[in-house]
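Presented below is the structure to which this report refers.
Residue indices begin at 1 and follow the sequence shown. Keep in mind that what you see is a predicted model, and the values were worked out from it rather than measured.
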Amino acid sequence: VQLQASGGGLVQAGGSLRLSCAASGRTFSRYTMGWFRQTPGKEREFVAGISYSGRGTFYADSVKGRFTISRDNAKNTVYLHMNTLKPEDAAVYYCAAYGQSYYYSNPEVRRSSEYAHWGQGTLVTVSS
């Protein structure tokens, strides 16, 4: 699975952005997907995850209620809708595909080590 993230940019605090992650190949629907973010000097942190079927969603406490993850298996795309953005949300956002098909577990879905395929990252900047 090859992943291409897009949709980052500069937004004012309180604003919204939608990130997209397009996957190549016909096996996208088999994989649980996740969004992570990273700032300089910090470890990559989990933001949100969605099961391969889309029925299970998971969020970091810091974004719960503000961000929504969704997927369109027909378009091989996973989205991250980000609302009420805060300056602390600024980071490079990465999408990732789980290493094992037709599988996920919680809390393991929050661990970057569970993901085998990563996109290149898209930068989100939030001005205060």
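For the pair Thr122/Leu19, a side-chain contact is recorded, criterion being any heavy-atom separation below 4.5 Å from C-beta on. Proximity of Leu10 to Ser127: side-chain heavy atoms (C-beta onward) are separated by under 4.5 Å at one or more points. Annotation: side chain of His81 is not in contact with side chain of Ser16 (no heavy-atom distance under 4.5 Å). Between Val109 and Tyr98, some side-chain heavy-atom pair lies under the 4.5 Å cut-off. The shortest distance between side-chain heavy atoms of Arg18 and Ser20 falls below 4.5 Å.
Taking all atoms of both residues into account, the shortest heavy-atom contact from Trp118 to Arg44 is CE3-NH1, 3.2 Å. Closest heavy-atom contact between Val1 and Ala97: CG1-CB, 4.4 Å. The shortest non-hydrogen separation linking Ala91 to Thr39 is CB-CG2, 3.6 Å. Residue Ala23 comes nearest to Phe28 through the heavy atom pair CB-CD1, 3.3 Å, listed as atom of the first residue, atom of the second, then distance. The heavy-atom pair separating Val124 from Met82 by the smallest distance is CG2-CE, 3.9 Å. The two residues Ala5 and Cys95 have their closest heavy-atom pair at CB-SG, 4.1 Å.
Aromatic pair Tyr94/Phe36: ring centres not closer than 6.0 Å. Side-chain rings of Tyr59 and Phe46 stay apart, their centers remaining 6.0 Å or farther from each other. In this structure, the ring of Tyr52 has its center no less than 6.0 angstrom from the ring center of Tyr31.
Both Leu80 and Val11 are members of a single hydrophobic cluster when ILVMFWY side chains are connected at heavy-atom separations under 4.5 Å. By the rule that hydrophobic residues join a cluster once side-chain heavy atoms approach within less than 4.5 Å of another member, Val63 and Leu85 end up as members of one cluster. No single ILVMFWY cluster, assembled from side-chain heavy atoms under 4.5 Å apart, contains both Phe58 and Val78. Hydrophobic clustering, with ILVMFWY side chains joined whenever heavy atoms are under 4.5 angstrom apart, groups Tyr102 together with Tyr104.
Here the CD-CD distance, from Gln2 to Gln120, works out to 11.0 Å after rounding to the nearest 0.5 Å. Atom-to-atom distance recorded for Ser105:OG and Glu114:CD is 6.0 Å, nearest 0.5 angstrom. Put simply, OG1 on Thr32 and CD1 on Ile50 are 9.0 Å apart, with the number rounded to the nearest 0.5 Å. The distance from the SG atom of Cys21 to the CD atom of Gln4 is 8.5 Å, given to the nearest 0.5 Å. Within the model, atoms CG of Asn83 and OG1 of Thr68 stand 6.5 Å from one another, a figure rounded to the nearest 0.5 Å. Within the model, atoms OH of Tyr79 and CD1 of Ile69 stand 12.0 Å from one another, a figure rounded to the nearest 0.5 Å.
Not a single ring pair (Phe, Tyr, Trp, His ring centres under 6.0 Å) links Phe67 to another residue, sequence neighbours left out. Under the salt bridge (charged side-chain N to carboxylate O under 4.0 Å, His left out) criterion, Arg37 pairs with Glu45, Asp89, not counting sequence neighbours.
Side-chain contact annotation: Thr77 with Asp72, donor-acceptor N/O pair under 3.5 Å absent.
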